[in-house]
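Structure first, then comments.
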There are 4 protein chains.
Amino acid sequence: MADSRAPDSTRRSDRSRRAIHDAALALVTEVGYAKTTVEGIAARAGVGKQTIYRWWPSKAAVLLEAFLDLTEQAARAAADGAATYEIPDTGDLAADLKLVLRATVDEMNDPAFDLPSRALAAEGIVNAELGAEFARKLLEPQLQLYVKRLRAGQEAGDVRRDLDLRIALELLAGPLAHRWLLRTLPLTHAYADAVADYALYGLAPRG
Amino acid sequence: MADSRAPDSTRRSDRSRRAIHDAALALVTEVGYAKTTVEGIAARAGVGKQTIYRWWPSKAAVLLEAFLDLTEQAARAAADGAATYEIPDTGDLAADLKLVLRATVDEMNDPAFDLPSRALAAEGIVNAELGAEFARKLLEPQLQLYVKRLRAGQEAGDVRRDLDLRIALELLAGPLAHRWLLRTLPLTHAYADAVADYALYGLAPRG
Amino acid sequence: MADSRAPDSTRRSDRSRRAIHDAALALVTEVGYAKTTVEGIAARAGVGKQTIYRWWPSKAAVLLEAFLDLTEQAARAAADGAATYEIPDTGDLAADLKLVLRATVDEMNDPAFDLPSRALAAEGIVNAELGAEFARKLLEPQLQLYVKRLRAGQEAGDVRRDLDLRIALELLAGPLAHRWLLRTLPLTHAYADAVADYALYGLAPRG
Amino acid sequence: MADSRAPDSTRRSDRSRRAIHDAALALVTEVGYAKTTVEGIAARAGVGKQTIYRWWPSKAAVLLEAFLDLTEQAARAAADGAATYEIPDTGDLAADLKLVLRATVDEMNDPAFDLPSRALAAEGIVNAELGAEFARKLLEPQLQLYVKRLRAGQEAGDVRRDLDLRIALELLAGPLAHRWLLRTLPLTHAYADAVADYALYGLAPRG
DNA sequence: AGATAACCGAGACGGTACGTCCCGTCTTTTT
DNA sequence: AAAAAGACGGGACGTACCGTCTCGGTTATCT
């Protein structure tokens with residue numbers, strides 16, 4: 001597939017794999033994606049270049065895996081033994097959504113998260129294969145949390161029953177992503193709150 | 001030593017400028033942004049490399065200008081001599097928004113538009129300076145068309161008076177951009193319609 | 001840590017040794033010395049790389065041993081059970097020398113001999129240690145055959161008594177090696193004959 | 001031929017060409033041919049690798065040209081304005097030959113000459129194309145000097161009239177090359193003298 | 001007969017160099 | 001003075017091998 005033939009993954013060095021992850025994330029954060037090179041990652045990780053090319057098809061794939069690992073660890077740490085990270089359900093839908101949207105805004109403003117995920121998103125925009133993997137492995141699981149909370153809202157009578165929730169969530173996540181990626185205007189808590197309110201109650205006058 | 005600043009733009013060759021635009025767009029469409037090189041653009045345009053470096057700071061800047069030129073021509077053609085392109089106002093806000101959102105979906109699904117703008121968006125995501133220029137020159141003028149139509153809606157009583165329309169428009173454009181850039185799900189007319197409806201009438205049940 | 005010295009040669013696999021010899025000779029003949037790699041030899045021989053590195057210090061050493069083995073077998077076959085290969089002594093020194101020089105020319109024109117020995121000679125030219133081993137194990141024994149025949153010539157009155165025969169022989173072998181290695185002019189039987197005649201009777205006019 | 005198309009040799013940088021020559025000779029002398037790399041030559045010469053690959057097909061070709069340049073300069077210096085280097089003609093053929101053979105022995109024992117020419121000879125032994133060029137450009141011109149002196153000898157009655165002088169010279173040069181390249185025994189002035197004497201007067205007893 | 005070495009095949013590993021592609025600068029010649 | 005052309009110093013690419021290093025799996029003695 002990749003090489004002449006597939007390498008034997010049972011003999012893979014875990015030490016090297018982790019060193020490569022760390023080096024990739026560090027370099028992207030420090031010097032940016034464009035100036036991060038496979039050669040640089042290998043040197044920083046104390047690893048031969050071939051060890052990278054043996055297991056990953058591209059710089060972007062290394063970074064994607066490294067970032068996935070990172071977020072998994074972070075999620076595990078946050079969940080503290082609990083099942084998985086979730087959107088809270090206090091009964092107040094608007095408040096719950098604002099909480100999570102504000103948290104998202106904070107993440108997008110934190111360089112440790114912003115820089116690598118920006119790089120991945122950019123690469124995925126141009127490279128369909130990686131983009132699909134990015135969406136499937138990273139994005140979609142997070143979006144499904146919205147679906148779950150909105151479904152609970154439906155049952156509580158806070159969300160219209162006739163909605164496609166997979167679409168509904170994009171009214172919340174889309175605007176944030178828009179500002180984050182396209183740099184039109186700053187991403188603030190106030191904006192997060194406004195998006196939640198506008199989405200829940202609509203642009204048209206009520207009644 | 002260096003070109004020691006400020007080439008004389010009055011003596012600039014228009015022929016070369018246009019050939020470079022065309023070559024850049026063609027190459028990005030044909031082989032993708034990453035494999036498009038300055039050398040390649042120069043060769044394709046029948047131009048010396050220095051002619052590119054004299055007038056543009058980077059490959060991305062060439063493409064941005066070329067794309068701007070392209071959209072301007074397209075807009076001029078569409079407007080057929082009229083001032084500029086606008087969102088129509090038939091009195092039916094939902095219908096008008098759906099019309100323009102569907103048109104946007106169509107553009108995003110047309111390779112001649114999709115490939116170069118995707119490349120520019122991706123570059124802008126990682127390169128703040130270019131991103132800002134992309135937003136200012138390309139994005140913002142289009143977004144202001146929504147503000148204008150929504151303001152008319154406010155006056156007609158179809159849009160709540162207490163809204164910040166610059167935010168309101170993002171409920172419409174954000175979800176489309178989200179699907180376009182992040183490749184979560186396909187971009188269809190049905191989706192455009194749903195976004196317009198959900199945004200106008202809100203996720204929460206009415207009165 | 002390292003193989004910490006001295007593998008146990010009593011447990012060595014003869015099968016592997018021979019397979020490595022064969023693979024080395026085959027590859028040198030087929031693709032040339034420079035493109036013959038230790039990895040290639042190992043793969044062709046169906047052997048682990050370490051098995052080569054355990055028993056030989058270098059690619060050149062493998063080839064030298066393989067070639068030694070080959071020439072020994074060839075000599076054994078030619079001598080047909082007799083002690084060793086010898087220059088015949090028919091009483092006619094010039095004829096005997098021409099016979100063996102012509103045979104040498106034939107060998108040098110036979111790819112199965114030419115290619116590997118060329119490779120070894122070339123390596124020995126640049127690598128003093130291997131060169132010395134090449135000379136001692138392969139060359140010198142053959143040259144001593146000339147000494148023996150020339151000594152018999154001395155006793156028969158066909159060779160001057162005041163000569164250093166170790167030097168004398170080089171008047172015969174040197175010119176052939178010169179053409180063989182340095183590719184100045186083609187190596188033919190006529191050339192071999194001329195060398196024998198010129199060397200025996202001298203360049204200066206007689207009497 | 002070499003690249004996609006031939007580079008424009010009128011725009012070639014002479015400074016780089018010379019720096020590359022010098023670096024190649026220095027490295028071969030200092031670390032040996034095998035450890036001399038194109039990358040190393042480029043670095044030492046303060047030159048991009050591509051500048052080497054643009055003008056030469058291989059490391060060996062660089063070295064050959066560098067060495068040719070060197071010997072030409074040396075010859076020009078030795079000839080001190082005279083036409084070209086020649087074998088002297090004092091009327092005593094044996095003495096003249098010994099003089100030039102001893103000089104050859106001295107060259108072969110001088111590392112500044114020995115190391116690069118050994119490397120070239122070795123490469124030429126394995127690489128027919130380079131070997132032919134080596135013979136044609138470097139070797140043959142020198143060998144023709146012998147032909148000239150021997151022809152004068154013929155006219156003076158010191159050399160048999162029935163000889164092919166192109167072959168005769170190899171009785172002199174061949175044995176020296178043999179010891180030089182194949183490292184059988186040391187190359188001394190005494191050996192040079194013996195070769196001249198044996199070749200001139202023959203191995204067989206005189207009348 | 002079981003333990004215990006060593007060799008053996010396989011191939012991952014940290015490295016070095018390869019030959020190629022482009023970068024952005026420069027110089028030369030033409031328009 | 002701009003433009004076409006392209007050589008230049010440089011840096012990274014992805015590949016091929018180097019020689020070292022585990023890893024099971026077979027032998028092949030030595031208790």
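Labels below follow one simple rule: chain letters A, B, ... track the order of the sequence lines, proteins then strands, and each chain is numbered from 1.
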Euclidean distance, atom CZ of residue D:Arg54 to atom C1' of F:dC8 [Å, nearest integer]: 6 Å
Contact under 4.0 Å: B:Trp55 side-chain N or O vs F:dA3 OP1/OP2: yes
Where at least one partner belongs to residues 30-45 of chain C, residue pairs that pass salt bridge (Lys or Arg N to Asp or Glu O under 4.0 Å), sequence neighbours excluded: C:Glu30-C:Arg44, C:Glu39-C:Lys49
d(CD1, B:Ile52; P, F:dG6) in whole Å: 15 Å
DNA chain E: 5'-proximal contact among A:Ser13 and C:Val47 (nearest heavy atom): C:Val47
Nearest-0.5 Å distance that lies between atom CD1 in B:Ile20 and atom CH2 in B:Trp56: 4.0 Å
Per B:Asp8 side chain, nearest of listed nucleotides F:dC8, F:dA1, E:dC13: F:dA1
Sugar-phosphate, base or nothing in reach of B:Trp56, heavy atoms under 4.0 Å: nothing
CZ/A:Arg15: more than 12 non-hydrogen atoms of other groups inside 6.0 Å: no
D:Ser16 side-chain N/O to F:dG9 phosphate OP1/OP2 under 4.0 Å: yes
A:Arg183 side chain vs B:Ala132 backbone, donor-acceptor pair below 3.5 Å: no
Separation of atom CD1 in B:Ile41 from atom P in E:dG24, rounded to whole Å: 11 Å
Enumerate all atom pairs, one protein N or O and one N or O from nucleotides 27-31 of chain F, separated by less than 3.5 Å.
from, atom 1, to, atom 2, distance (Å)
F:dT27, O2, C:Arg11, NH2, 3.2
F:dA28, O4', C:Arg11, NH2, 3.4

Whole angstrom value for the distance that separates P of F:dA16 from CG of C:Leu27: 16 Å
Residues forming a ring-ring contact (aromatic ring centres under 6.0 Å, His included) with B:Tyr33, sequence neighbours excluded: none
Nearest non-hydrogen partners of A:Leu120 and A:Ala60, listed with the distance: CD2-O, 3.7 Å
Atom pairs, protein N/O to nucleotides 16-18 of chain E N/O, distance under 3.5 Å:
from, atom 1, to, atom 2, distance (Å)
E:dC18, OP1, D:Val38, N, 2.8
E:dC18, OP2, D:Val38, N, 3.4
E:dC18, OP2, D:Glu39, N, 2.9

First encountered from the 5' end of DNA chain E, between A:Arg12 and C:Asp14: C:Asp14
With C:Asp14 via salt bridge (charged side-chain N to carboxylate O under 4.0 Å, His left out) - residues at least two apart: C:Arg17, C:Arg18
Length of the CZ-C1' vector between A:Arg44 and E:dG15, whole Å: 20 Å
Where at least one partner belongs to residues 19-29 of chain D, residue pairs that pass side chain to side chain donor-acceptor pair (under 3.5 Å), sequence neighbours excluded: D:His21-D:Glu65
More than 12 heavy atoms from other groups under 6.0 Å of CZ on C:Arg12: yes
